[in-house]
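Reviewing the structure listed below.
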Amino acid sequence: MTRSTLARLFDCVTIPALRRRTVSLWPDREAFRQFDYADNRWISLTWKAFEAQVLRWRHAFYASGLKPGDRAAMLLTNSIEAVIFDQAALAAGLIPVPLHAVDTPGSSAYILHDSGARILVTSSRARWNALHAAAGETLPMLEQVVLLNELDDEVIDGVRISGVETWLARGNGTPEPSPDDLAGLIYTSGTTGRPKGVMLTHANLVANVAQISDAVEITESDIYLSFLPFSHTFERTVAHYAALAHGASMAFARSVQHIENDLADVQPTIMCTVPRVLERLYQKQQLELAKGSEVEQHRSQWAAEAGWRRFCRDNGLPIEPSAREALDETVLPVLDEDVGRKVRGLFGGRMKAILCGGASLNQSVARYFCAMGVPLRQVYGLTETSPIVSLTRAEMNHPACVGQPVAQTQVRLGDRDELQVKGPQVMQGYWNKPAETKHAFTEDGWFHTGDQADLSDGGRVRIKGRIKEIIVTSTGEKIAPVDLEFAIQEDPLFEQVFVCGENRPFISAVLVLQPDLWKALCAEMELSADDPQTLHDRSMLRYLVKRVRAAAKDFPSYGIPRSIAVADEPFTVENGLLTPTMKLRREKILSRWKDLIDGLYSGHPAA
């Protein structure tokens, strides 16, 4: 497939062209669905009705004095209004700047300032007030704030604040964007430092949608369940734009907390997710299984074992020998009906592709769901690559890998096995940061991903870890933290794990404990789960170290934690310890528990 063929897979070279094609082909099909709390029911919007709203918003952008190339910021949760904003801004030739809905006001204010956004659309006056207070006098470019849930129309400190209906009443006409125009300034969530605005063009995004479509069958009959934020390029491209291109409908989940109910209600066929969501579903399922009878547990274990052999046969993977292998043909249909169907039912029962990316997925979780017939397909990419670089096809699936490079994408290994990429989906650079842009590419034009990789598995890509995250102890030993953290999380008591030891004499771990299992353990040891001192009780800490070391027993001795601390709160996006894509913010965790971690090494001669 040539680059021009790839970019014109739908006879389209811009995102608005994809939208118009879909509207013309399927005007009366469902486009979007969301839950209406006032009426306690799901409501839908057809492509035709969606188009009418997009044009109304586009006219209002133009009437606000915005010109092609101006930046338009959005601070909204996933919703019909959010996709109308995005498509209208693109149709007007504007550059959307999606803000993380769960980010701090200070971080949102920084992105508004750095992008030079002239307009912001958000939900309420309270949200704008918090952002305005954090920004101070640093938003000279901002001229208009549009509030979805308010009726305001006033000018304060040079910024016009309007309710959405008042603003929409000012509409007029507008020109069309070109393929090389920017289609988004997507700010990297950033595990360290300030986020950078990634410049992606219509050509970048259309190319990536075409690449995704080449690897995943998407039709107008599909329905996505959307819950990852649109400020995350994974959801923006792989869900929103891919669904838009094919006329697939999209239902917006009420929240991650409601995900199981929404899966049952919507019964989606495609979903994008991050590992943390799958890990929570897996942990919950395993805890419920542990409460079942011995017969139920035995049946589930056998289903997982036999299902994994079936998965290996289907995907050309080595089959682990077992005395029960000869019984697979007889027992698998029964076990699949009794166990596998129930597990698939967690995802609504109609799923044909669960695309998982954004961070590393625990291999035990991946293996379990694959064994149960869940269509789990891992992907890899970065904001800077629109985002997809590699994607697991229906065949040649390997839970330890992130698929094969998508069409028209070249990959190679550089120094320290760093994965480097070339392709039509690679960004134009970082907004107003020429030095960082230059540093992001090799001298011969390949993009630095910053990830260590292995390309030796039959064309599949295996990610070994972030180069910057590799822990080097004071004795010179190197440990990839993510694999070690996943191994420790195999023990259901440890809900979240952070390992550290950079320039220290040994590895330590900070643990977040599963609340119910923690209470049961404290009762067994005759300690109070509610007493903060229990987190520092010597007998409890010795016991926890023993369990951590047992979970990490397959690692080299220098990589097994020798000391642990128990965190007094979980790692969340809200407290700043996770990125919006649910990766650990390692520097912030180190800072948050600095004294506790320092105490783990106190008294050690090499600390």
Side-chain angles (χ1 to χ4, degrees), residues 191 275-276 279-280 282-284 286-287 290 359 362 364-365 469 471 473 479-502 504-553 555 557-579 582-604 607:
T191 54
R276 186 67 187 138
E279 288 158 10
R280 285 175 178 167
Y282 172 78
Q283 289 169 348
K284 182 177 179 180
Q286 293 301 302
L287 285 172
N362 186 310
S364 295
V365 176
E469 290 182 356
I471 296 172
T473 65
I479 300 96
V482 174
D483 289 343
L484 178 57
E485 288 159 354
F486 280 165
I488 297 169
Q489 282 176 236
E490 285 297 298
D491 186 324
L493 176 61
F494 306 130
E495 193 162 81
Q496 292 175 296
V497 179
F498 167 77
V499 297
C500 56
E502 179 69 23
R504 304 275 200 172
F506 54 84
I507 297 296
S508 294
V510 177
L511 311 171
V512 174
L513 305 178
Q514 204 284 329
D516 293 336
L517 295 181
W518 169 244
K519 290 176 184 176
L521 175 60
C522 288
E524 184 181 326
M525 297 182 67
E526 299 182 349
L527 294 167
S528 171
D530 299 323
D531 184 353
Q533 290 306 310
T534 302
L535 300 177
H536 310 286
D537 181 86
R538 288 192 176 187
S539 62
M540 176 61 78
L541 292 176
R542 282 196 298 269
Y543 175 78
L544 293 176
V545 167
K546 184 176 180 180
R547 284 184 65 158
V548 166
R549 293 179 67 82
K553 66 182 186 303
F555 282 76
S557 58
Y558 59 79
I560 298 176
R562 288 171 49 182
S563 189
I564 64 98
V566 179
D568 54 4
E569 63 176 318
F571 313 145
T572 67
V573 175
E574 289 73 18
N575 64 18
L577 302 179
L578 293 181
T579 72
M582 299 189 187
K583 293 190 283 282
L584 298 180
R585 291 190 188 272
R586 296 185 180 275
E587 292 300 321
K588 293 196 174 184
I589 294 173
L590 281 170
S591 175
R592 168 67 178 79
W593 283 285
K594 181 181 184 302
D595 292 342
L596 198 61
I597 292 169
D598 286 346
L600 300 178
Y601 296 96
S602 63
H604 194 284

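Keep in mind that this is a model prediction, so the values were computed, not measured.
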Any side-chain heavy atom of [X] within less than 4.5 Å of one from [Y]?
{"X": "Q496", "Y": "E279", "answer": "no"}
{"X": "V499", "Y": "I488", "answer": "yes"}
{"X": "L584", "Y": "E469", "answer": "no"}
{"X": "I597", "Y": "R504", "answer": "yes"}
{"X": "P515", "Y": "E495", "answer": "yes"}

Note: N362 and F486 closest approach over all heavy atoms is ND2-O, 3.2 Å
Does CD in E569 sit with more than 12 non-hydrogen atoms of other residues, nucleotides or ligands closer than 6.0 Å? yes
Is it true that, when you exclude E574 itself, more than 12 heavy atoms of the residues, nucleotides or ligands shown sit nearer than 6.0 Å to its CD? yes
Give me each pair satisfying side chain to side chain donor-acceptor pair (under 3.5 Å) with a member in residues 506-516, each pair once, sequence neighbours excluded. S508-Y601
Name all residues meeting the ring-ring contact (aromatic ring centres under 6.0 Å, His included) criterion together with W518; count only those two or more places apart in sequence or in a different chain, and write none if there are none. none
Has T534 got a side-chain atom pairing as donor or acceptor with S528's backbone, closer than 3.5 angstrom? yes
Please check this pair: side chain of S591 against backbone of K588, looking for a donor-acceptor N/O pair closer than 3.5 Å. no
